[in-house]
Amino acid sequence: MTLLDSVQGPADLKRLTHDEMVTLAEEIRAFLVDKVSRTGGHLGPNLGAVELTLAAHRVFDSPHDPILFDTGHQSYVHKIVTGRQDFAALRQKGGLSGYPSRAESEHDFIENSHASTVLSYADGLAKAFQLRGTRRHVVAVVGDGALTGGMCWEALNNIAGDKTRPVVIIVNDNGRSYSPTIGGFADHMATLRLRPGYEKLLEDGKRTLQNMPVVGKPVYAALHAAKRGIKDALSPQVMFEDLGLKYFGPVNGHDIVAMEAALERAKAFGGPVIVHAVTRKGMGYAHAENHEAEQMHAIDVIDPATGKPTKVAKPGWTSVFSDEIVRIGAEREDVVAITAAMLGPTGLEKFAQAFPSRCYDVGIAEQHAMTSAAGLAMGGLHPVFAVYSTFLNRAFDQLLMDVALHKQGVTVVLDRAGVTGSDGASHNGMWDLSILGVVPGIRIAVPRDAISLREQLREAVEVKDAPTVLRYPKGAVIPEVPAVERLDVVDVLRRPSADEGNDVLLVAVGAFGQLAVEAAQRLSDQGIGVTVVDPRWVFPVPSEVVELAAAHRVVVTVEDCGRHGGFGWALAAAMRDAGLVMPMRDLGIPNRFLDHASRDQILAELGLTAQDIARQVTEWASEYGSEHDDSSAAEIGVPKLKKS
Ligand SMILES: Cc1ncc(C[n+]2csc(CCOP(=O)(O)OP(=O)(O)O)c2C)c(N)n1
Ligand SMILES: CC(=O)[C@@H](O)[C@H](O)COP(=O)(O)O
Ligand SMILES: [Mg+2]
């Protein structure tokens, strides 16, 4: 029986000696490498958070004292010591979530994996406990990367505003976000990491002096009075203290004894306090520690002996973007790129290598990125901001008010658009079309394959007076879905065969083009004539699609995005505006949060497969009676299609 076997809850931790805690930490590291290498996940961040998580659970009493995690990707150790050691299906359907989950445990509070939120939760919880008269500490673990996010500073401003609320902030400082942390704040943290632990110096001095007879006490008193001077002399100003926050650190975040001592002092302090833990992402597993790019921030299944992936990933949509933006950058010196701390994951690494002065990593600061992009455009450049779809939510107002209102040519490239799956509800890129569709003047392209991505990216960077957006999914890219003809901006991917009628217009958004062609073939096998089109630029809705609709019996749209406010809804509105009344259905992601599972499992659950689409269209096509004649198109003044 290992020590880890004996830990079923935080109370079991409190019974262990410090030596046993060191052994337990080693067992947990071995557990993490063994389990996460089999499932994939956030191995590096969790290896770096072992001791600080254990110390927090030894010093505080979760869940009476909430222990909160920013982003939540580094909460595996927290799960392990709160009764969840079955990692066999981590991040998989029916298995443990890769983030805290309120459904999993009373010890979990925050499920949303969007960074820089934890201090705001802590502020709110602390205010609630204060108002309700309950003395509960709130412990918030926040990374140095998350601290580059603006929300953290909004929260710190509030937390520092009341010295009576016991908020203990553990800064997990490993010098990295995905990419190395950037900016003045990162520089300041680097300076703090190097300063001697003057608190420890003071403590040691206090013990020594207090043991000295007669002179000890007055000398210590004098020294303590001169503490500020000593501290300033020994170390740089600590910006947290300038905000009015008590600061303990830097502390070796892998020394369980030091961490516990620091947290005990923070607990005793009784007000808002920062414990600055210096850690190493990937600690204890050489392949992660030395993983040049991201210290195994997020891995697929690997061989733990070599640290190498067990499967060679197929070229993804990201790699197509990565290569094309470099080609464009070579042709257009006004094109610059922006990432919000995700240079590698969004495919901008090659651009940064090729054009180091034209690639900006702004930290986890999507709002700043967007408005900075508006500034770059006003300055005569064409910025391309690459960001995961779900994180764009953060920068909606900035896109609306700073880019679109000012008619600035900014291109936003949304990676991980649509169902992502294993990262859970808050990572699916399912809201971008719904929120962006309301932005006046915006132009949104959804490439269906690698060729379209290259083409539409080039079209986007030519637009100087409006925001342009491209969106594509996670995973292997579809090399090519050929068009049989192009009608101005709309690609026709398939026409009904000669002996079939114009029964169904199937409008496929982006990568669903291939799916729609497969579904159309299934329908054709039943004698149902289907025209499949790819609108290419989905907002504003191309008028050609409305014209095509008028020539069919039923219109069906299919998109890897939320139905609510998605392309289907926008097309229905355009058809209404054109006075076209006809049977219309839209297939997409329902307006609910999706539990973690694989992308394919979720798409199948949602009926977004060729077979299910064909089945549903069959029902609808048979439901809607006779073919309406083409005169309806003439009546509503929809011009005949222009054949290219
Ligand atoms: C708003 C937002 N933007 C980007 C991300 C992607 N992301 C996940 S973890 C991470 C890095 C976090 O760095 P840090 O807080 O220092 O934690 P560490 O991984 O270093 O422990 C990023 C950028 C996110 N989760 N949320
Ligand atoms: C926690 C976080 O937001 C990222 O690490 C995310 O999990 C990465 O997603 P991908 O694996 O799709 O790049
Ligand atoms: Mg970090």
Side-chain angles (χ1 to χ4, degrees), residues 40-50 52-53 69-77 90-91 97-100 110-119 140-152 170-182 185-186 189-190 193 253 276-283 288 293-300 313 316-318 339-347 361-370 386-395 415-424 426-429 473-475 596 598-599:
H42 291 95
L43 182 56
N46 283 283
L47 287 169
V50 173
L52 69 86
T53 305
F69 294 87
D70 193 281
T71 315
H73 63 303
Q74 78 295 55
S75 61
Y76 296 1
V77 180
L90 178 68
R91 296 156 45 94
S97 164
Y99 301 88
I110 307 170
E111 305 186 354
N112 153 24
S113 61
H114 289 201
S116 314
T117 62
V118 75
L119 300 185
V141 178
V142 58
D144 54 318
L147 278 171
T148 58
M151 264 183 83
C152 279
I170 302 174
V171 173
N172 176 19
D173 177 11
N174 53 24
R176 302 196 60 97
S177 180
Y178 241 109
S179 8
T181 35
I182 58 90
F185 172 69
M189 293 302 283
R193 281 198 289 273
H276 178 190
V278 179
T279 64
R280 183 178 175 82
K281 189 175 271 192
M283 183 68 177
E294 290 143 5
Q295 291 173 333
M296 292 197 174
H297 175 89
I299 61 168
D300 290 324
W317 294 83
T318 311
T339 178
M342 297 179 76
L343 192 75
T346 59
D361 181 347
V362 298
I364 308 181
E366 288 82 2
Q367 295 172 324
H368 167 69
M370 191 66 78
V387 61
Y388 284 11
S389 163
T390 190
F391 303 139
L392 174 79
N393 301 353
R394 277 279 166 87
D415 199 332
R416 276 39 172 204
V419 172
T420 51
S422 53
D423 269 305
S426 54
H427 260 73
N428 291 304
K474 178 171 186 174
H596 60 277
S598 73
R599 172 178 161 86

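In listed order, ligands and their atoms are each counted from 1.
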Q.
Show the atoms of ligand 2 that are less than 4.0 angstrom away from any heavy atom in F391.
A.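 Answer, ordered by atom number: 3 (O).
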Q. For ligand 2, which atoms, with element, lie under 4.0 Å from some heavy atom of K474?
A.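 Taking each heavy atom of K474 in turn, ligand 2 has 10 (P), 11 (O), 12 (O) under 4.0 Å.
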Q: Test S426 against S113 for side chain to side chain donor-acceptor pair (under 3.5 Å), laying out the working first.
A: CA-CA 6 Å; S426 54; S113 61; 2.7 Å; yes
Would a distance-only check, ignoring hydrogens and angles, find a side-chain to backbone donor-acceptor pair under 3.5 Å from [X] to [Y]?
| X | Y | answer |
| --- | --- | --- |
| S179 | A341 | yes |
| S116 | A146 | yes |
| K281 | S177 | yes |
| D173 | H276 | no |
| N428 | T420 | yes |

Q) Out of L119, D70, V118, which residue meets the side-chain contact (heavy atoms from CB on, under 4.5 Å) rule with L147? A)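 When side-chain contact (heavy atoms from CB on, under 4.5 Å) is applied between L147 and each of L119, D70, V118, only L119 qualifies.
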Anything under 3.5 Å between an N or O on ligand 1 and a protein N or O? List each pair with its distance, or write none.
from: ligand 1; atom 1: 3 (N); to: E366; atom 2: OE2; distance (Å): 2.7
from: ligand 1; atom 1: 15 (O); to: A146; atom 2: N; distance (Å): 2.9
from: ligand 1; atom 1: 16 (O); to: D144; atom 2: N; distance (Å): 3.4
from: ligand 1; atom 1: 16 (O); to: D144; atom 2: OD1; distance (Å): 3.0
from: ligand 1; atom 1: 16 (O); to: G145; atom 2: N; distance (Å): 2.7
from: ligand 1; atom 1: 16 (O); to: R176; atom 2: O; distance (Å): 2.8
from: ligand 1; atom 1: 19 (O); to: H73; atom 2: NE2; distance (Å): 2.7
from: ligand 1; atom 1: 19 (O); to: K281; atom 2: NZ; distance (Å): 2.9
from: ligand 1; atom 1: 20 (O); to: N174; atom 2: OD1; distance (Å): 3.1
from: ligand 1; atom 1: 20 (O); to: N174; atom 2: ND2; distance (Å): 2.9
from: ligand 1; atom 1: 20 (O); to: R176; atom 2: O; distance (Å): 2.9
from: ligand 1; atom 1: 20 (O); to: K281; atom 2: NZ; distance (Å): 3.3
from: ligand 1; atom 1: 21 (O); to: N174; atom 2: ND2; distance (Å): 3.4
from: ligand 1; atom 1: 25 (N); to: S113; atom 2: O; distance (Å): 2.9
from: ligand 1; atom 1: 26 (N); to: A115; atom 2: N; distance (Å): 2.9

Q | Non-hydrogen side-chain atoms of Y99 and I110 separated by less than 4.5 Å | A |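 No - every pair of side-chain heavy atoms lies 4.5 Å or more apart.
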Q: Step by step, work out the salt bridge (Lys or Arg N to Asp or Glu O under 4.0 Å) result for K474 and D415.
A: CA-CA 7 Å; K474 178 171 186 174; D415 199 332; over 6 Å; no
Sub-3.5 Å N/O-N/O distance, [X] and ligand 2:
| X | result |
| --- | --- |
| H73 | no |
| T71 | no |
| Y388 | yes |

Determine, using heavy atoms of [X] and all atoms of ligand 2, whether some pair is separated by less than 4.0 Å.
| X | answer |
| --- | --- |
| H427 | yes |
| D423 | yes |
| H42 | yes |

Q) Among all residues two or more places apart in sequence or in another chain, which pass the ring-ring contact (aromatic ring centres under 6.0 Å, His included) test with H73? A)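 H42, H297.
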Q: Answer yes when R176 and D144 have at least one side-chain N-carboxylate O distance shorter than 4.0 Å, and no when they do not.
A: no
Q.
Check for me whether the distance between the ring centres of H427 and F391 falls short of 6.0 Å.
A.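 Judged by ring-centre distance (under 6.0 Å), H427 and F391 do meet the cut-off.
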Q) Counting only protein N/O/S, how many atoms fall short of 2.8 Å from the Mg ion (ligand 3)? A) 3
Q | side chain to side chain contact (heavy atoms under 4.5 Å, CB included) against I182, all qualifying residues, sequence neighbours excluded | A | D361
Q.
Minimum heavy-atom separation for S75 and G98, please, with both atom names.
A. OG-O, 4.5 Å
(Q) Give me the residue, atom name and distance of the protein heavy atom closest to atom 8 (C) of ligand 2. (A)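 Sorting protein heavy atoms by distance from atom 8 (C) of ligand 2 puts Y178 OH, 3.0 Å first.
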Q. Which protein heavy atom lies closest to atom 1 (C) of ligand 2, and at what distance to 0.1 Å?
A.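 Going atom by atom, the protein heavy atom closest to atom 1 (C) of ligand 2 ends up being Y99 OH, 3.2 Å.
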